[in-house]
Amino acid sequence: MDTYFKNQKIDLREYFRTHNVFKATVREKRKIVFIDTETTGLDPRKDELLSASFLECSYDAFDLSLVSLDRVTEEFREPSQPIPPNISALTGLTNDNLRGKKFNDRRIYAAIKDADYLIAHNADFDRAFLNAYDPIFNLHKWKCTLKDIEWNYYADPYISRSLKSLCNHFGISYRAHNATNDALAIIYILSFKQRAVQDLLADPVSCADLILDVPRDFDTRYLQKRGFFMMGRNKEGNNLFCMKVPGKKMYDELQWIRKYYKTDGDPKGFFNIYDTRCSYLKLKQ
């Protein structure tokens, strides 16, 4: 990685003003858009968007490699309710500096027009908020850099796949919780990891659901950072967490779970994922 990042928290926008081309020779140039958002909370049914950044990139469809960062569109909006103090402290976005601001829909539509994919880290989150703002976002194909990349091949397989953990692993120190900077961080990592880009942009592979039966008083923060989402509760009142896992990655996920949690069940019973569409595993205290 670049020594530019050593021992400093930089603004990635400054870095990409001079480092925006990743590949000189292109055979089939296409467009993708990296997206990140800042919001007033975690629930798209009641919380609101504060900012959204759309980073238009070119990629070579011949070998699935990044070519360049072409344009950055940043949008800000004033929410209908006061911004919680903890959100302002995290993002730097306040009621005063967002007063009177609105998204420019024309600029946003121009940014996502003709894109093969819209891409975000934990795309389910950003997609839910953007779709609540305008259903046009649900008409586009989405890719997720958290779920669609086999990070265990490029980083420590036992770290969280959160953006913070990946940046720490790759030695990137930057001003986080800014929509543009967060999107630029994942682009920066991918610009050095062509195989990860190929994971991301390749056709979908066969996946299976890995379902975890988790006691209600269990600390699930690391499961959520890993990419598991709560899907409900079973009849015993335990929480059920699920993640779609490519078949060839199921062994790695089960190994990660057993490294950090006690489990019920015979491991051999869960490895033959190609014979079933779902694996079910009970966690215990």
Is there side-chain contact between [X] and [Y], with heavy atoms separated by less than 4.5 Å?
X      : Y      : answer
Tyr109 : Asp134 : yes
Arg175 : Asn178 : no
Phe228 : Leu210 : yes
Leu55  : Ile35  : no
Asp43  : Lys46  : yes
Ser80  : Glu48  : yes
Val214 : Leu240 : no
Tyr154 : Leu166 : no

Hphob cluster co-occupancy, [X] + [Y], side-chain heavy atoms under 4.5 angstrom:
X      : Y      : value
Ile32  : Phe192 : yes
Phe54  : Phe76  : no
Ile189 : Ile187 : yes
Leu130 : Leu93  : no
Val33  : Leu64  : no

Pairwise distance [atom1]([X]) to [atom2]([Y]) - rounded to 0.5 angstrom:
X      : Y      : atom1 : atom2 : value
Asn168 : Asp156 : CG    : CG    : 12.0 Å
Leu50  : Glu38  : CG    : CD    : 7.5 Å
Leu49  : Thr40  : CG    : OG1   : 8.5 Å
Ile119 : Ile186 : CD1   : CD1   : 10.0 Å
Ser160 : Arg221 : OG    : CZ    : 12.0 Å
Lys147 : Arg161 : NZ    : CZ    : 10.0 Å

To check you understand the geometry: which heavy-atom pair defines the closest contact between [X] and [Y], and what is its length?
X      : Y      : value
Asn95  : Pro82  : OD1-CA, 3.4 Å
Gly92  : Asn97  : O-ND2, 3.3 Å
Thr73  : Glu56  : OG1-OE2, 4.1 Å
His140 : Ile112 : CE1-O, 3.4 Å
Leu98  : Glu78  : O-CB, 3.1 Å
Glu150 : Asp199 : N-OD2, 3.3 Å

> Stepwise, does the side chain to side chain contact (heavy atoms under 4.5 Å, CB included) test hold for Leu212 with Leu223?
Replying inline: CA-CA 10 Å; Leu212 304 180; Leu223 291 176; 3.7 Å; yes
Is [X] atom [atom1] crowded by more than 12 heavy atoms from other residues, nucleotides or ligands, each under 6.0 Å away?
X     : atom1 : result
Lys23 : NZ    : yes
Arg71 : CZ    : no
Lys31 : NZ    : yes

For [Y], is there any backbone N or O sitting under 3.5 Å from a side-chain donor or acceptor partner on [X]?
X      : Y      : value
Tyr188 : Ala183 : no
Lys259 : Leu254 : no
Asp70  : Ser58  : yes
Lys164 : Ala176 : no

Can you find a side-chain donor-acceptor pair between [X] and [Y] that sits under 3.5 Å?
X      : Y      : answer
Asp96  : Thr94  : no
Ser53  : Asp36  : no
Asn238 : Arg233 : no

> For Ile108 and Glu75, what are the C-alpha separation, side-chain angles and deciding distance, and is it a side chain to side chain contact (heavy atoms under 4.5 Å, CB included)?
Replying inline: CA-CA 8 Å; Ile108 292 174; Glu75 294 294 328; 3.8 Å; yes
> Less than 4.0 Å between a side-chain N and a carboxylate O, is that true for Arg30 and Glu28?
Replying inline: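 Salt bridge present between Glu28 and Arg30.
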> Could you go step by step and tell me if Phe229 and Gln224 meet the side chain to side chain contact (heavy atoms under 4.5 Å, CB included) rule?
Replying inline: CA-CA 6 Å; Phe229 290 85; Gln224 291 171 312; over 6 Å; no
> What orientation do Phe218 and Tyr261 show, parallel under 30°, tilted 30 to 60°, or perpendicular over 60°?
Replying inline: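 The rings of Phe218 and Tyr261 sit tilted, inter-plane angle from 30° to 60°.
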> For the residue pair Tyr260 and Trp256, does the interplanar ring angle fall in the parallel (under 30°), tilted (30 to 60°) or perpendicular (over 60°) class?
Replying inline: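 Tyr260 and Trp256: tilted rings.
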>> If the test is side-chain contact (heavy atoms from CB on, under 4.5 Å), which one of Leu200, Asp60, Leu201, Leu190 qualifies with Leu66?
In response: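 For Leu66, the side-chain contact (heavy atoms from CB on, under 4.5 Å) test succeeds with only one of Leu200, Asp60, Leu201, Leu190, which is Leu190.
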>> I'd like to know whether Ser65 forms a side chain to side chain donor-acceptor pair (under 3.5 Å) with Asp63, so could you lay out the CA-CA distance, the side-chain angles of the two residues, the decisive distance to 0.1 Å, and finally the verdict.
In response: CA-CA 6 Å; Ser65 58; Asp63 61 1; 2.7 Å; yes
>> Working note: Asp126 + Thr37, criterion side chain to side chain donor-acceptor pair (under 3.5 Å); need CA distance, chi angles, decisive distance, verdict.
In response: CA-CA 6 Å; Asp126 299 283; Thr37 60; 2.6 Å; yes
>> Checking Phe125 against Phe129 for the ring-ring contact (aromatic ring centres under 6.0 Å, His included) test, could you report, in this order, the C-alpha distance in whole Å, the side-chain angles of both residues, the deciding distance, and whether it holds?
In response: CA-CA 7 Å; Phe125 178 87; Phe129 272 93; 4.9 Å; yes
> Quick one: is the NZ or CZ of Lys143 closer than 6.0 Å to the six-membered ring centre of Tyr117, and within 45° of its axis?
Replying inline: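 Verdict for Tyr117: a cation-pi partner in Lys143.
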>> One pair to check against side chain to side chain contact (heavy atoms under 4.5 Å, CB included): Phe137 and Trp142. What are the steps and the verdict?
In response: CA-CA 9 Å; Phe137 288 96; Trp142 283 75; 4.3 Å; yes
>> Checking Thr91 against His177 for the side chain to side chain donor-acceptor pair (under 3.5 Å) test, could you report, in this order, the C-alpha distance in whole Å, the side-chain angles of both residues, the deciding distance, and whether it holds?
In response: CA-CA 5 Å; Thr91 64; His177 301 294; over 6 Å; no
